[in-house]
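Have a look at the structure below, then the notes.
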Amino acid sequence: EPSNSPALVRRLGDKAVVTDIEAGDYVFIAKGIRGPGIDGTVGLEHKKAQDLAACIVYSARHLDQLRRMRTYYDESRLLISDRIVPSPEGLASVRRRNQMGRMEHMPIHPPGSPSATITYSRYQKHLYTLEELLGVRVMECDGQQIAAQKILLLAEWWLTEPQKHTSWLAEYKPQALSPFGSARPS
């Protein structure tokens, strides 16, 4: 299901309210994001590969939208619902099955502008700008359905008190290391 579909809003249940927001596609109330017991907001912008290509080519509008997200929300995220990879020619592309069932690179471009391709280097520089200069975390996933699942998981994450989260570090129990030489067979 698309990440902006009514079905996704229904799956969020009473956690979702449909309303106009200042910037982005979703806003989440995040438990403890500003410190113990202090809730805050997370803005999420969702883009498909072609929409992101338009944003890169016409970046002023996109950067302004993400700046507004940083102004209105405590944290900002950009979710790209396509895994963008370099083509053999160095273009930003998505891998899709062609009519014969083989995987091939499909260069991304703004809708209606097939000649306006973007190099993978330009794509990466755009993401670095978003993360390093604007403080917007970028997340990628493979397809609309996974994007919708990721949005649901993020909603659950942010609605959970921070002390109830467990991390792989808290759950990972490394085997005790033995001193050198003691593991040798006798």
Side-chain angles (χ1 to χ4, degrees), residues 1-84 92 94 108 110-111 123-173:
E1 73 200 60
S3 68
N4 60 352
S5 74
L8 177 63
V9 173
R10 281 193 302 279
R11 285 177 59 191
L12 286 167
D14 62 353
K15 300 172 192 149
V17 176
V18 179
T19 186
D20 290 331
I21 56 176
E22 297 295 333
D25 295 319
Y26 300 90
V27 178
F28 299 93
I29 303 300
K31 300 281 185 185
I33 198 168
R34 298 173 67 204
I38 306 170
D39 297 347
T41 55
V42 178
L44 178 75
E45 173 70 14
H46 172 242
K47 293 284 184 209
K48 294 183 250 178
Q50 281 194 322
D51 296 331
L52 184 63
C55 292
I56 294 170
V57 171
Y58 313 109
S59 65
R61 185 170 155 244
H62 179 60
L63 294 176
D64 182 55
Q65 179 184 32
L66 293 173
R67 275 190 201 100
R68 283 195 334 271
M69 283 177 59
R70 291 296 298 150
T71 300
Y72 290 109
Y73 314 124
D74 296 303
E75 300 269 337
S76 297
R77 306 285 190 275
L78 171 64
L79 175 62
I80 304 165
S81 64
D82 293 293
R83 183 81 53 200
I84 299 173
V94 293
I108 63 170
Y123 164 73
Q124 285 296 316
K125 287 175 185 175
H126 186 78
L127 298 186
Y128 294 148
T129 299
L130 299 179
E131 289 190 344
E132 299 299 326
L133 298 181
L134 294 181
V136 176
R137 274 201 194 145
V138 178
M139 303 174 290
E140 293 178 285
C141 60
D142 293 319
Q144 290 288 90
Q145 193 168 24
I146 294 174
Q149 290 172 347
K150 193 167 219 164
I151 291 168
L152 288 168
L153 290 171
L154 289 170
E156 289 175 18
W157 173 263
W158 287 317
L159 290 169
T160 303
E161 294 293 336
Q163 63 272 22
K164 293 182 181 174
H165 291 298
T166 58
S167 70
W168 70 270
L169 289 174
E171 295 177 5
Y172 175 69
K173 306 279 190 265

If you measure from NZ on Lys47 to CG on Asp25, what distance do you get to the nearest 0.5 Å? 6.5 Å
Could you give the distance from CD1 (Ile84) to CG (Leu127), rounded to the nearest 0.5 Å? 7.5 Å
Counting neighbours of NZ on Lys48 that are heavy atoms of other residues, nucleotides or ligands and sit closer than 6.0 Å, is the number greater than 12? no
Nearest-0.5 Å distance that lies between atom SG in Cys55 and atom CD in Gln65: 7.0 Å
Student check: side-chain heavy atoms of Met139 and Leu154 closer than 4.5 Å: yes
Can you tell me how far the CD atom of Glu140 sits from the NZ atom of Lys150, to the nearest 0.5 Å? 9.0 Å
Side-chain heavy atoms of Ser76 within contact of Leu66, under 4.5 Å: no
Report yes if the side chains of Asp74 and Val42 come closer than 4.5 Å at any heavy-atom pair, otherwise no. no
Do Ile146 and Ser81 come within less than 4.5 Å of each other through their side chains, counting heavy atoms only? no
Locate the shortest heavy-atom distance separating Asp82 from Ala49; write the atom from each residue and the value. OD2-N, 2.8 Å
With side chains defined as the heavy atoms from C-beta onward, is the minimum distance between Leu63 and His126 less than 4.5 Å? yes
Roughly how far apart are Arg67 CZ and Leu130 CG, rounded to 0.5 Å? 10.0 Å
Would you mind reporting whether Phe28 and Ile151 have side-chain heavy atoms less than 4.5 Å apart? yes
Can you find a heavy atom in the side chain of Ile108 that is under 4.5 Å from one in the side chain of Leu52? no
Can you tell me how far CZ of Arg83 sits from CG of Asp142, rounded to the nearest 0.5 angstrom? 4.5 Å
For Leu79 and Cys141, which heavy atoms make the closest approach, and how far apart are they? CD1-SG, 3.9 Å
I'd like to check Tyr123 versus Ile56 (side-chain heavy atoms, cut-off strictly below 4.5 Å). Are they in contact? yes
Pair Val27, Tyr73 - check side chain to side chain contact (heavy atoms under 4.5 Å, CB included), show working. CA-CA 8 Å; Val27 178; Tyr73 314 124; 3.2 Å; yes
